[in-house]
Amino acid sequence: MENSESAEYPRMDLAALAENFKQKNKTCFILGASGETGKVLLKEIVQRKIFSKVTLIGRRKLNFEDQTYENLVQEVVDFEKLEEYAAAFQGHDVGYCCLGTTKAKAGTEGFIRVDHDYVLKSAELAKAGGCTHFHLESSRGANKASSFLYLKTKGQVEADIEELGFERYSIYRPGLGDNSVLYFRVLLVNREESRPAEWVAQRFLSAVSSMLPAMSIPITSVARAMVVNTLWEGEKKTEVLENKAIFNLSKIGEKQ
């Protein structure tokens, strides 16, 4: 994997890139569109109209009042029997995975099953179905050799997906990490569920995020970086984007 922590991106005409991308008539799917990052990512994609078809793959159908979302295709699957839903993953050029849970919410086994097993199986089906560019939302500090379950699981699934050999594989590691016993994965977002540790960290980090992008990053920047990175179509086969790289990428084409 090539780490892009300090990546500096060339000047880009984002409008021109978007128009060029549209001409290719590509399609995509999003896993985890009901989650915090997934919601923002979906909004970015739909508003930019860069794909000829957008498919949401999830365990339930989502309801949208805004007519902007009326042309979405929704595939409801049973993640425990994903092999039976291979058709849902066929025919997509680009795949975005924002799927994930927490140990507190799902227990140890449940967390591993969602964040590793479901994610990996989805990637396998996507690859078999023709997906060429796979985007994975991971976490800062992800490392398959870590002694922390969260970081170890994230690192392991990163490595396992790399073995599948996508033409392009982009890993995003937003959050806050260190080597202390206490580890906080922080995305600057107002969550519907209560996570006290994140709540405290958010109150502090929200005040400094714009000045210290290497330390923390708004969830909107993560979603926008995914979209910009799709339009850019870089040449790296596998890339790992840490906070600073995500922040820099998200700023490309932004109105001053």
Side-chain angles (χ1 to χ4, degrees), residues 1-2 4 9 12 14-35 37-58 62 68-69 71-75 77 82 85-100 118-138 157-158 161-174 220-241 245-246 249-250 252-253:
M1 296 184 186
E2 182 169 349
S4 302
Y9 297 96
M12 302 181 202
L14 203 58
L17 286 175
E19 189 57 38
N20 180 62
F21 190 86
K22 289 178 186 179
Q23 300 306 313
K24 298 179 180 180
N25 200 38
K26 292 191 175 186
T27 64
C28 79
F29 71 83
I30 302 175
L31 283 163
S34 63
T37 302
K39 289 177 184 176
V40 181
L41 174 63
L42 174 59
K43 184 177 180 180
E44 280 274 346
I45 288 175
V46 169
Q47 290 182 339
R48 292 180 182 277
K49 300 179 180 179
I50 55 177
F51 290 103
S52 60
K53 184 175 76 171
V54 178
T55 300
L56 308 185
I57 300 177
L62 304 180
T68 306
Y69 297 87
N71 293 323
L72 292 176
V73 175
Q74 297 201 52
E75 297 282 356
V77 303
L82 270 182
Y85 298 87
F89 292 87
Q90 292 181 351
H92 307 292
D93 300 291
V94 182
Y96 300 94
C97 183
C98 303
L99 197 64
Y118 291 177
V119 171
L120 178 58
K121 187 61 180 179
S122 295
E124 290 174 349
L125 293 174
K127 178 66 166 54
C131 178
T132 57
H133 188 183
F134 192 81
H135 300 256
L136 176 67
E137 181 189 18
S138 185
V157 77
E158 284 183 2
I161 292 176
E162 184 176 19
E163 291 298 315
L164 299 179
F166 281 97
E167 289 183 22
R168 190 171 175 212
Y169 176 35
S170 301
I171 301 167
Y172 304 82
R173 291 179 178 173
T220 51
S221 294
V222 180
R224 193 168 191 277
M226 287 181 168
V227 174
V228 174
N229 204 22
T230 301
L231 298 178
W232 180 32
E233 297 187 293
E235 298 178 351
K236 297 176 183 176
K237 184 177 177 63
T238 300
E239 59 184 347
V240 178
L241 294 95
I246 293 171
L249 196 55
S250 73
I252 293 175

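All heavy atoms count here, side chains included; hydrogens, waters and symmetry mates do not.
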Query raised in the report: Cys131 and Gly95: which non-hydrogen atoms are nearest, and at how many Å?
Result: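 In this case the closest contact between Cys131 and Gly95 is SG-N, 3.5 Å.
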Query raised in the report: Which pair of non-hydrogen atoms, one from Ile246 and one from Leu241, has the smallest distance, and what is that distance?
Result: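 Scanning both residues completely, I find the closest heavy atoms to be CD1-O, 3.4 Å.
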Report task. Using the six-membered ring wherever Trp is involved, compare the ring planes of Phe166 and Phe134 and label them parallel, tilted or perpendicular (cut-offs 30° and 60°). Result ->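 Parallel: the ring planes of Phe166 and Phe134 meet at under 30°.
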Requested in this report: Anything under 30° is parallel, anything over 60° is perpendicular, the rest tilted; go ahead and classify Tyr96 against Phe51.
Outcome: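 Rings of Tyr96 and Phe51: perpendicular, as their planes differ by over 60°.
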Query raised in the report: What pairs with Glu19 under side-chain contact (heavy atoms from CB on, under 4.5 Å), at least two apart in sequence or on another chain?
Result: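 Counting only residues at least two positions away or on another chain, Glu19 forms a side-chain contact (heavy atoms from CB on, under 4.5 Å) with Lys22, Gln23.
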Query raised in the report: Hey, does Leu82 have a side-chain heavy atom less than 4.5 Å from the side chain of Ser122?
Result: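 Yes - at least one pair of side-chain heavy atoms lies under 4.5 Å apart.
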Query raised in the report: Taking only residues two or more places apart in sequence or in another chain, which ones pass side-chain hydrogen bond (donor to acceptor under 3.5 Å, both in side chains) with Ser170?
Result: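 With neighbours one apart ignored, the set is His133, Asn229, Glu239.
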Query - Residue Lys237 excluded, over 12 heavy atoms near NZ under 6.0 Å - result: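 Yes, the 6.0 Å shell around NZ holds more than 12 heavy atoms from other groups.
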**Report entry** NZ (Lys26) with more than 12 external heavy atoms under 6.0 Å
**Finding:**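 Enclosed: over 12 neighbouring heavy atoms sit under 6.0 Å from NZ of Lys26.
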Query raised in the report: What's the spacing between Leu62 CG and Leu42 CG if we round to 0.5 Å?
Result: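 Here the rounded value is 8.5 Å.
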Query raised in the report: Is the shortest side-chain N to carboxylate O distance from Lys121 to Glu124 below 4.0 Å?
Result: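 Counted as a salt bridge, because a side-chain N and a carboxylate O are separated by less than 4.0 Å.
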Requested in this report: Determine yes or no for a side-chain-to-main-chain donor-acceptor pair under 3.5 angstrom, with Thr132 supplying the side chain and Asp93 the backbone.
Outcome: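 Present.
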